[in-house]
Amino acid sequence: MKVVIPAAGLGTRFLPATKSMPKEMLPVLNRPVIQYVVEEAVAAGADDITIITGRSKRALEDHFDRNPELAGSAELPALRQLDELSEKAQIHFVRQRSPRGLADALLSAEKHIGSHSFGVLLGDSIHLCDPPLLRQLQEVFEKMGGRSSILALEVVPDQKVSSYGIAAGPEVAERTIDVQRLVEKPRLEEAPARTAITGAYYLTPTVFDAIRETPPDHRGEIQLTDALVHLMAREKIYGLVFRGRRYDTGTPELWLEANVRFALADPKYRDRLREVIGDASTPP
Ligand code: G1P
């Protein structure tokens, strides 16, 4: 499976931490978010991964490369695990020259993807799913005849509707909707449903033509949701309310939540964290 991971976003929701460091390199416990995303892609069967980067994102390339200065520590389990990951899939890097939106970023991977259907995972979100999320999407893709794009959806509370792309349509199979309406970050009153696009997609290559037809929004960015509206005029799109959990790490609050939840689930960190939280009356 070919997978594209857009990681060119500026991280404005996490400044100043992300001024010179990619938001995808923020750690959740001891691993940067991008490593979880690549692990998730590989678990779903990805053997060819394109990470789309931009200015100030070179650390992403270095992370998946060998570091000669650490050669003596190459046997450390954490480094060995990373090395094995980088060998399971070919990882390519493409640079988006200016931040012109998620759809424009995807377009920079077009030559590499060619005429294949492909998975997309956003570089700042971790999905913990069994089976892995892209596998779930690929199953729906095959079940629906192998000619339609599939969006991962989750039901969000009212106050979060305006932060996401929203997809709506009738349910046609278990957890699966036939997408008839798509709106990027609608106001609550205008939202056609509460099913939000979580940042994982399985797309047909027709999406590239649809992106080219899509004008930029008021901020000069070409939104993937807008391009999917164009795609919907050519091909069917389905949405899957996926099984599993998503952790967005793009703001300090969400990143902190991900760290606390992952630490509480990990015997190596759990007890110490509980001790610290129990003693939270003492200021730092
Ligand atoms: C992007 C997409 C949006 C989707 C969201 C998921 O928005 O445009 O449709 O719901 O990712 O995180 P962003 O978060 O980049 O503003």
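Counting convention: from 1, in listed order, for ligands and their atoms alike.
- Side-chain atoms of Glu40 come within 3.5 Å of backbone atoms of His127 as a donor-acceptor pair (strictly under, hydrogens ignored).
- For ligand 1, the atoms sitting less than 4.0 Å from at least one non-hydrogen atom of Thr225 are 9 (O), numbered in the order shown with element in parentheses.
- Between Arg246 and Ser125, the side chains place a donor N or O and an acceptor N or O closer than 3.5 Å (distance only, hydrogens not considered).
- Below 4.0 Å from some heavy atom of Gly165 lie the following atoms of ligand 1, by number and element: 3 (C), 4 (C), 9 (O), 10 (O).
- Near Arg246, meaning under 4.0 Å from one of its heavy atoms, ligand 1 places the atoms 6 (C), 12 (O).
- Under the 6.0 Å distance and 45° angle rule, Arg175 does not count as a cation-pi partner of Phe242.
- Using a non-hydrogen distance threshold of 4.0 Å, Leu122 registers as a contact of ligand 1.
- Put simply, the side chain of Leu228 does not reach to within 4.5 Å of the side chain of Asp226, judged on heavy atoms.
- Other residues, nucleotides and ligands contribute more than 12 heavy atoms inside 6.0 Å of the CZ atom of Arg234.
- Atom 2 (C) of ligand 1 has its closest protein heavy atom at Glu184 OE2, 3.6 Å.
- For the ligand labelled ligand 1, residue Leu224 lies outside the 4.0 Å heavy-atom shell.
- For Thr206 and Glu235, the side-chain atoms include at least one donor-acceptor pair closer than 3.5 Å.
- When each atom of ligand 1 is checked for a heavy atom of Ile197 under 4.0 Å away, the hits are 4 (C), 6 (C), 10 (O).
- Looking from atom 15 (O) of ligand 1 to the surrounding protein, the closest heavy atom is Lys185 NZ, 4.7 Å.
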